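In what follows, a structure is listed as structure tokens, so that the remarks can point back to it.
Quick note: residue numbers are just sequence positions, from 1. Here the structure is a predicted model, which means the values were calculated and not measured.
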Amino acid sequence: MGSPKQGSARHAGHLHHAHSAHHLPAAVTNARAALFAVGLLVVTLISILGFNLSSMDPREPTSRAACGGNHVGPGTESPYHDLRNEVYDKMEAEFYDKGAEFLFGSSTTSQSLKLSDIFELRHGEVHPVLKPARPPVRANVLRMDPEFAASIQEIVKDDIMHHFRGGVWLQDPDLYHMSIFHASHHLSPVPATTKQLSDEFRAVKGVSKRLCPLRISLDRVILTATGVLLACWQVLEGTDPAELRDELKDALPRAPKQQLYNRVMLHTSLARILAPPTWPDGTLAHNAESAMPIFRSIVSELNQKLCRKQTVVRELWNVEEMDVLALALQGKMSIKRFNLTCIQPDWVGTI
């Protein structure tokens, strides 16, 4: 699905009307003004209620229309750019195909874990269920700048919480990240001795020294078929996630052949929805069909506020998760931090 690891693709992102209105009869001009006023009133009322016109069709994705692509940077010329769009399109379409069934039946995470095994709902509040990971999961992730992450979480919290009576798990912005590559995961555990862990540490450190920071732009916010609110990113400049995964695959030969995520994708989990939303009058959505317009509105609102926000990702984390999904659930973990330290382009430090 990708392009060759060697050659120019690897670091391409590192370089470089016929009449004027006063001629119209006064009646026509007044009629047009009246129609405009009515239209403006309708749009205002819809905005007050917290819904968009697009929410009238619960099956049609809106985020592409909201973000529209239009990213600018050398990375947009990479073949990975279009491949990422394809992945995001499929993920987005899957939710609108399946609907909000995850709220009204048994559901699993993208990693095939039952939601009931990792979360508990008590009086509308979400509590994580922490369980030991045996052996620990060993993940390599890109860590988002914490100040930028906090600004994203503030918008997410303000926009979605008034749609719910509870049942929403907000990710800790201090742990906002993009999963890249696993040396061991729960579907394919790879135990490691102390020496092997040390070897992995040195290997990941070596990768971090060779590769560059990423300047990224938020391409769209989507809701997945398992109820996760995701920020999906495009790379404007720097090392592409596909290249980073290739490097880590070479550096960690014992790692599972089957990784958890698509080679080109770059995403951040913002929140997980575990309970039905409410309508503006406080009525609870009683089934998947009635919940869909509300979810469309949430996604549309977030896209309008977050699309094309940019940040620079400079840290690669090597994480040993002693608890299952420790990064997502704020469980027990050990983190080794590495800076991406290639010769940095001029844009690094100026954003």
Side-chain angles (χ1 to χ4, degrees), residues 102 105-144 146 149 153 166-205 207-208 224-230 245 248-249 251-261 267-275 315-338:
F102 66 90
S106 60
S107 185
T108 60
T109 72
S110 61
Q111 300 182 29
S112 302
L113 297 169
K114 291 183 179 180
L115 291 181
S116 57
D117 288 339
I118 58 176
F119 290 109
E120 286 182 350
L121 261 177
R122 299 197 296 267
H123 308 294
E125 293 188 1
V126 181
H127 299 271
V129 178
L130 298 176
K131 297 180 180 180
R134 298 190 179 96
V137 169
R138 304 194 299 283
N140 294 281
V141 307
L142 291 170
R143 193 260 185 121
M144 189 181 295
Q153 202 234 29
V168 176
W169 175 260
L170 293 171
Q171 297 298 144
D172 181 354
D174 286 338
L175 297 175
Y176 271 17
H177 65 277
M178 302 88 162
S179 293
I180 298 296
F181 192 85
H182 284 74
S184 177
H185 56 73
H186 68 286
L187 295 178
S188 184
V190 181
T193 65
T194 301
K195 181 181 183 305
Q196 288 169 331
L197 288 175
S198 179
D199 290 342
E200 288 182 5
F201 171 84
R202 285 194 298 270
V204 175
K205 184 177 181 179
V207 169
S208 71
T224 73
T226 58
V228 181
L229 199 65
L230 290 184
R245 289 183 171 104
L248 289 169
K249 179 180 178 180
L252 303 171
R254 300 179 63 249
K257 297 294 184 286
Q258 185 65 43
Q259 290 291 308
L260 298 177
Y261 301 106
H267 69 287
T268 302
S269 296
L270 304 175
R272 182 177 286 277
I273 296 172
L274 299 158
E315 284 190 67
L316 177 63
W317 280 9
N318 180 248
V319 184
E320 191 174 11
E321 296 178 288
M322 284 73 169
D323 289 331
V324 175
L325 295 182
L327 271 169
L329 305 181
Q330 303 172 22
K332 184 179 179 181
M333 63 189 125
S334 172
I335 301 174
K336 298 179 179 65
R337 298 166 171 83
F338 306 107

| task | Could you tell me whether a side-chain N or O of Trp169 sits under 3.5 Å from a main-chain N or O of Phe119, the two making a donor and an acceptor? | result | no
| Val228 and Leu270, any side-chain heavy atoms less than 4.5 Å apart | no
| query | Have Arg143 and His177 got a donor and an acceptor in their side chains that come within less than 3.5 Å? | reply | no
| note | Distance col, row Thr268:OG1 vs Met144:CE, nearest 0.5 angstrom, shows 3.5 Å
| Straight-line distance of Gln330 CD to Asp174 CG, nearest 0.5 Å | 9.0 Å
| task | Please report the shortest heavy-atom distance between Pro136 and Ser184, naming the atom on each side. | result | O-OG, 4.0 Å
| Side-chain contact, heavy-atom cut-off 4.5 Å: His267 with Met178? | no
| task | Determine whether more than 12 heavy atoms belonging to other residues, nucleotides or ligands lie under 6.0 Å from atom NZ of Lys249. | result | no
| request: Give the minimum heavy-atom separation between Ser179 and Val141, together with the two atoms involved. | output: CA-CG1, 3.9 Å
| field | Minimal non-hydrogen separation, Gly166 against Ala275, with atom names | value | O-CB, 3.6 Å
| query | Taking atom CZ of Arg337 and atom CG of Asn318, what is their separation to the nearest 0.5 Å? | reply | 11.5 Å
| query | Is there a side-chain contact between Leu329 and Ile118, using heavy atoms and a 4.5 Å cut-off? | reply | yes
| Would Met333 and Leu327 satisfy side-chain contact (heavy atoms from CB on, under 4.5 Å), going step by step from the backbone distance to the final call? | CA-CA 8 Å; Met333 63 189 125; Leu327 271 169; 3.7 Å; yes
| remark: Scanning both residues in full, the closest heavy-atom pair of Ala271 with Gln171 reads N-CG, 4.1 Å
| request: Quick one: pull up CG in Leu229 and OG in Ser269 and give me the separation to the nearest 0.5 Å. | output: 9.0 Å
| field | Between CD1 on residue Ile180 and CD on residue Gln259, distance to nearest 0.5 Å | value | 10.5 Å
| request: Please tell me if the side chains of Lys195 and Asp199 come closer than 4.5 Å, counting only heavy atoms from C-beta onward. | output: yes
| message | As a quick check of understanding, evaluate ring-ring contact (aromatic ring centres under 6.0 Å, His included) for Trp317 and Phe338, giving each step before the final call. | response | CA-CA 6 Å; Trp317 280 9; Phe338 306 107; over 10 Å; no
| request: Scan Leu170, Val168, Leu121 and name whichever one has a side-chain contact (heavy atoms from CB on, under 4.5 Å) with Val126. | output: Leu121
| said: Strictly distance-based, threshold 3.5 Å: is any side-chain N or O of Arg272 a donor or acceptor partner for the main-chain N or O of Gly167? | reply: no
| So with a 6.0 Å cut-off around CZ of Arg134, is the heavy-atom count from everything else above 12? | no
| said: Main chain of Leu197, side chain of Arg138: is a donor-acceptor contact present, judged purely on distance under 3.5 Å? | reply: no
| For Leu316 and Leu142, what are the C-alpha separation, side-chain angles and deciding distance, and is it a side-chain contact (heavy atoms from CB on, under 4.5 Å)? | CA-CA 5 Å; Leu316 177 63; Leu142 291 170; 4.1 Å; yes
| message | Using every non-hydrogen atom in the two residues, find where Glu200 and Ala183 come nearest and quote the distance to one decimal. | response | OE1-CB, 3.7 Å
| Got a sec, which residues hit side-chain hydrogen bond (donor to acceptor under 3.5 Å, both in side chains) with Glu321, two or more places apart in sequence or on another chain? | none
| remark: When every non-hydrogen atom of Ile273 is compared with those of Phe102, the smallest separation belongs to O-CE1, 3.5 Å
| task | Test Val324 against Leu130 for side-chain contact (heavy atoms from CB on, under 4.5 Å), laying out the working first. | result | CA-CA 7 Å; Val324 175; Leu130 298 176; over 6 Å; no
| Pairwise distance NE2(His185) to CG(Leu325) - rounded to 0.5 angstrom | 12.5 Å
| request: Take His182 and Val137 through the side-chain contact (heavy atoms from CB on, under 4.5 Å) test and state the conclusion after the steps. | output: CA-CA 8 Å; His182 284 74; Val137 169; 3.5 Å; yes
